Amino acid sequence: MIVSLVKRPEQSQSMVYVSPLIALVFTLIAGIIMFMIMGVDPSEALYAFFVEPLTSSYGWAELGVKATPLILIGVALSIGFRAGVWNIGAEGQLTLGAICGGGIALWLYDVDSFFVLPLMIIFGVLGGMFWAAIPAFLKTRFNANEILTSLMLTYVATLLLSLLVHGPWRDPDGFNFPESRIFSDSATLPVIWSGTSLHLGWVFALAAVAGIWVLMSRTIIGFQIKVVGQAPDAGRHAGFSVNKMVWFVLLLGGGMAGLAGLFEVSGPIGQLLPSISPGYGFTAIIVAFVGRLHPIGVLFAGLLIALSYLGGESAQITMNMPLAVTGVFQGMLLFFLLACDVLIGYRIQWGSSAAASATGSGAVSNEVPNG
Amino acid sequence: MIETAVNSRNTLLRLEDMTKAFPGVVANDKVSLSIKSGEIHALLGENGAGKSTLVKMIYGVLKPDAGQLYWTEQPATVGNPAAARRLGIAMVFQHFSLFDSMSVLENVALGMEKGIDHVQLEQKIVEISNRYGLPLDPSRHVYTLSVGERQRIEIIRCLLQDPKLLIMDEPTSVLTPQEVSKLFATLHRLADEGVSILYISHKLDEIKALCESATILRGGKVVDSVSVVNETPSSLAAKMMGEELQLSEKASHTEVGDVRLELNGLTHIARDPFDISLKNICLKVYSGEIVGIAGVAGNGQDELLKAINGEDLCSPADSVKLDGKACADQGPNQRRALGMASIPEERLGHGAVPGMSLLDNSLLTAFQRLEFLEHGFIRYDRCQAFCKSVIDNFNVKSNGMGAQAASLSGGNLQKFIVGREINQKPTVLVVSQPTWGVDAGAAQTIHDGLRDLAANGAAILVISQDLDELMSISDRVAAICAGVLSESFPMEAISIEQIGLMMAGVDPSSELKDQVSGRLLNQLAGQSEESPGNPP
C-alpha cells in the first residue's frame with residue numbers, strides 16, 4: 001500500500017476549515033500519549049485540562065479574561081499575515097502599551113476623573129503603535145526584515161518595563177518590591193459581570209472581531225491588504241502602495257497589542273509588574289493561524305487557546321502537573337495544524353499512484369497543466 | 001525521390017498509445033507517433049493540446065500512465081532524463097537553464113555528466129559551433145549574450161552528447177527572423193547527418209518551411225499524422241483547431257484623430273542591474289490607431305509598460321501625456337482616472353491575483369473608473385454585473401465568477417484580463433504580449449476586442465515579440481532595442497526583414513525606399529551578432 005499526496009486542481013475551501021479540527025484531534029491523541037508516558041490517567045488529566053475550568057461561572061469569566069488579549073492581538077496579526085507582513089513582536093507592543101497607558105495611571109494617580117481611563121486607553125494604543133512604527137519605518141525605508149526587528153524590540157520593551165518598575169515607578173510604600181503602585185479606582189477597568197473579573201476589554205475584543213470582519217470583507221482597504229499579500233506585483237499594477245500597507249498593518253497590530261497590554265495592567269493585574277503577560281503576544285500568532293486568519297475563526301481560536309491556559313492552571317492545582325504542559329499543548333496544536341494544512345492544496349491517495357490518477361480524474365475540464 | 005528515401009530509413013522512435021492524466025484532465029490520450037532517422041518531425045497543436053506532456057514523457061521527466069515507447073524498434077523505458085540521454089535523446093527546453101554570471105564554457109561543463117578537461121571541452125565547443133554554423137565564443141559570459149546566442153549554448157550542450165534524437169520545444173519564440181533562418185540552417189544540416197529532430201511548435205509557416213512530417217494533437221489526442229509537403233498552412237491550421245479558422249481581416253479604419261498618448265523624451269534609469277534603462281523615448285499614438293512595438297524579449301518592454309501605466313514614475317511630468325495632460329509623475333490610479341488602462345505580460349501575479357476569484361480580480365483594476373466604491377465600502381452588486389459582462393462578452397470559460405484565476409487556462413484568463421480592461425472603455429490602452437501562449441481561438445477574440453476598442457476612438461499600444469501578431473493588427477510599428485525606441489513606420493511601408501533590423505537596433509530608414517538586398521541584410525545581421533573567431 002502506497003500513500004501519496006496528489007495536487008488538487010483547486011484549493012479545497014472546505015479543508016481550510018476542517019484542517020484545524022483534524023489538528024485538534026491529533027493534538028488530543030498526542031496529549032493522551034503524553035499523559036500516559038507521564039504516568040497520569042489520561043481521562044482524568046484531559047478532564048482537568050479541558051472540562052473542569054468550564055464547570056463554574058468563575059471559569060467562564062476567566063475564559064473571557066484570558067481570551068481578550070489573545071483575540072485583540074490575534075485578529076490584528078491575522079490582517080498583517082494576510083498582507084505578508086510578519087509582525088512577530090506583538091509581545092513588545094503589548095508591553096509598550098502597558099507602559100504608556102500605565103504611566104498615565106501613575107501620573108494621574110491622585111486625579112479622580114472619568115477621563116483617566118479613556119486617556120490611558122489612548123496612550124496604550126499610541127504606545128503600541130509607536131513600538132510597531134519602528135519596524136515599519138525600518139522595513140519601508142531600508143527594507144529591514146520586520147520579523148527580526150519586531151522580535152528584537154520585544155526584548156527591549158520587556159527590559160524597559162523592568163527598568164521602570166525597579167526604578168522610578170516603584171511603589172514608594174511597596175517595601176522595595178519591583179512593583180508600581182496599585183492603580184486608583186478611576187484607572188481600573190470596570191467589571192461587566194459582577195462577582196467575576198470579566199472586564200470591559202471583552203467588549204472591545206468582540207467589537208474588534210466585528211470591525212475587522214467588516215474591514216476585510218467589505219472595504220477596499222481589506223481588499224488591498226489581501227491583494228498585496230498574495231501578489232505584490234498585481235497590487236502595484238492596480239495602484240496599491242505596498243509601503244502604505246506595511247505601515248497600516250503594523251500600526252494596526254501595534255495599536256491593538258498596546259490596547260491589550262493596557263487592558264491587562266488596568267484590568268486583571270491592576271498595577272505594573274516586571275512581567276505582565278504570559279506570552280500573549282506570541283501565543284496570538286498561534287491564535288491567528290488556528291483561526292485561519294479570519295476574524296470569526298480568531299474568536300474561536302482565542303477561546304480555545306485561553307482554555308488551554310486555564311486548563312494548565314487547573315491541571316497544575318488538581319493534579320500537580322507542570323505548567324509547561326500548557327505550552328506543549330499550544331505548540332502541538334500549531335504543529336499539527338501546519339501539517340494538516342497540506343491537505344488544503346493536496347489530497348491523500350491510497351494505493352498505486354499511476355492507476356488511481358488515471359481513474360481519479362473525474363471531472364474533465366478545460367484546464368491543462370503545462371500546455 | 002524524397003518519399004522513397006524516407007521509406008527506406010529506419011524507424012528511430014515509436015510511441016504506442018502513450019497516456020498521461022493529471023487531476024481534472026487527460027493530457028495525453030493514447031498518443032502514437034513514429035520518427036525515422038534523419039527526419040524533422042513536427043509536433044503541432046494549440047496550447048494545452050498535450051505537446052509538452054508528450055515530450056516530457058519521451059525525455060523521462062514524466063512517467064506515462066500507460067503506453068509503450070520503442071527505441072530502434074526495441075521496447076524501452078525512460079525513467080529519467082539521464083536515461084534518455086544514454087539512449088541518445090537530447091532536448092532544448094523553451095526556458096534555458098544557464099547561469100548568467102558564468103562563461104559559456106563553464107555552463108557547458110556544468111551540464112556534463114562526467115568531469116571533463118576544460119581545454120578539450122573548449123576545442124570540442126569550437127569544433128561543433130563551426131561545423132553546424134553556431135558561432136559562439138566559449139569564454140564569453142552568458143549575461144553578455146543575446147537570447148539567440150544563449151539558445152546556441154543549449155544546442156551545443158545537446159550536440160556534445162552525440163544525440164540521435166533532438167527535441168526542440170518552441171525554439172523560435174524568442175528569436176529575431178534572422179536568427180530563425182540561421183537556426184533552420186543548423187537543423188537541416190543535423191538532419192542531413194542522420195539526426196532526427198522532434199520540433200514542437202504552433203507556428204505553421206515554420207513547420208511548412210522546416211519539417212517533413214507532422215503529428216497533430218488536439219485535446220490530448222492525435223487528430224492526424226501528415227506529410228507536410230501535401231499540406232498548406234491553412235489545412236494544417238484547420239486540423240490543429242478542428243474548425244476552419246475564420247481569418248480575421250485587418251480593420252480598414254484609417255481615420256485617426258487627436259493625439260491620445262504622447263511620450264516625449266521618456267527616460268527611466270534602471271534601479272536593478274538586470275533591468276533596462278529607457279532612453280529618450282518619443283512616440284505619439286493617435287485616437288483610433290493601433291501602434292505595435294516589436295522587440296526581442298528583455299529589451300525594455302516591461303519597463304516601458306510600467307513607465308506608461310504609472311507603476312514606475314518618471315520625470316519630467318510631461319514626458320508622458322494622456323490626452324494632453326502631463327502625468328509621468330502620477331501613479332496608476334491617477335492615470336486610470338485620465339483614461340489609461342494596461343495589460344501586463346505576466347498574467348498570474350501581475351495582471352491577476354492567482355488565488356482570488358474572477359469577481360475579486362475584476363474589482364482589482366476597475367473599482368475606480370466604474371465606481372464600485374461607496375465611502376471605501378465595496379459595492380459587490382455593481383462589480384458582479386461588470387464581471388458577468390466580461391465573462392459573457394469575451395467568452396471566458398470558467399466555473400463562474402467564483403472561480404480562482406489560477407484555475408483558468410492561460411487563454412481564458414488572458415481573455416478575462418483583456419476583457420476587464422476593454423470593458424472599462426479606456427481612451428488609451430497599453431498591452432504587452434496580448435496573445436502570448438494563447439491558442440488561436442482566444443487570440444482572435446483578443447485581437448477583435450482590441451480592434452473594436454480602437455475603432456471606438458481609443459489609442460492602443462501593443463508591445464509584442466510576435467511579429468505575425470504585430471503585422472496583422474497594427475497600423476504603425478516601431479521596435480525597441482536596449483531601451484531605445486526606433487522611429488515608427490506605417491505597416492504597409494515596411495517588410496518583416498526591416499522590422500528584424502530595427503529589433504537589432506539598426507536604423508532601416510535609409511534603405512526603406514530602395515529594396516534591401518539579401519546580401520546586405522545577411523551582412524548586417526552577422527555584424528550585429530558578433531561572432532569572433534568564426535568565419536561566416
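Lettering of chains follows the sequences in order, A, B, ..., and the numbering in each one begins at 1. Computed from heavy atoms alone, side chains included, the values below leave out hydrogens, waters and symmetry copies. Note that the structure is a prediction, hence the values are computed from the model and not measured.
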Between B:Thr19 and B:Asp65, a side-chain donor and acceptor under 3.5 Å: no
Tell me yes or no: between the side chains of B:Gln424 and B:Thr365, is some donor less than 3.5 Å from an acceptor? yes
Below 4.5 Å from any heavy atom of chain A, which atoms of [X] appear? Answer side chain, backbone, both or neither.
X: B:Ala66; answer: neither
X: B:Asn361; answer: neither
X: B:Phe367; answer: side chain
X: B:Phe372; answer: neither
X: B:Arg335; answer: neither
X: B:Leu373; answer: side chain

Nearest atoms (heavy-atom pairs only) where A:Arg8 meets A:Tyr346: NE-O, 3.2 Å
Should we say atom CZ of A:Phe130 is surrounded by more than 12 heavy atoms from elsewhere, each under 6.0 Å from it? no
Near A:Phe26 CZ, under 6.0 Å, is it more than 12 heavy atoms from other residues, nucleotides or ligands? no
Do you know which of A:Gly239, A:Gly235, A:Gly222, A:Ala238 has the most heavy-atom pairs under 4.5 Å to chain B? A:Ala238
Top contributor to chain B contacts, counting heavy-atom pairs under 4.5 Å, from A:Ala234, A:Ser217, A:Ala231: A:Ala234
Out of A:Ile285, A:Val287, A:Ile286, which residue meets the side-chain contact (heavy atoms from CB on, under 4.5 Å) rule with A:Phe289? A:Ile285
B:Gly351, B:Ala406, B:Ser342: which one forms the most heavy-atom pairs within less than 4.5 Å of chain A? B:Ser342
Would you mind telling me which of B:Pro354, B:Gly355, B:Pro344 has the largest number of heavy-atom pairs within less than 4.5 Å of chain A? B:Pro344
Yes or no on side-chain hydrogen bond (donor to acceptor under 3.5 Å, both in side chains) for A:His237 and B:Glu346, after CA distance, side-chain angles and deciding distance? CA-CA 11 Å; A:His237 178 243; B:Glu346 186 67 41; over 6 Å; no
Between the side chains of A:Arg236 and B:Asp312, is the shortest nitrogen-to-carboxylate-oxygen separation below 4.0 Å, so that they form an ion pair? no
Region of A:Ser241 that comes under 4.5 Å of a non-hydrogen atom in chain B: neither
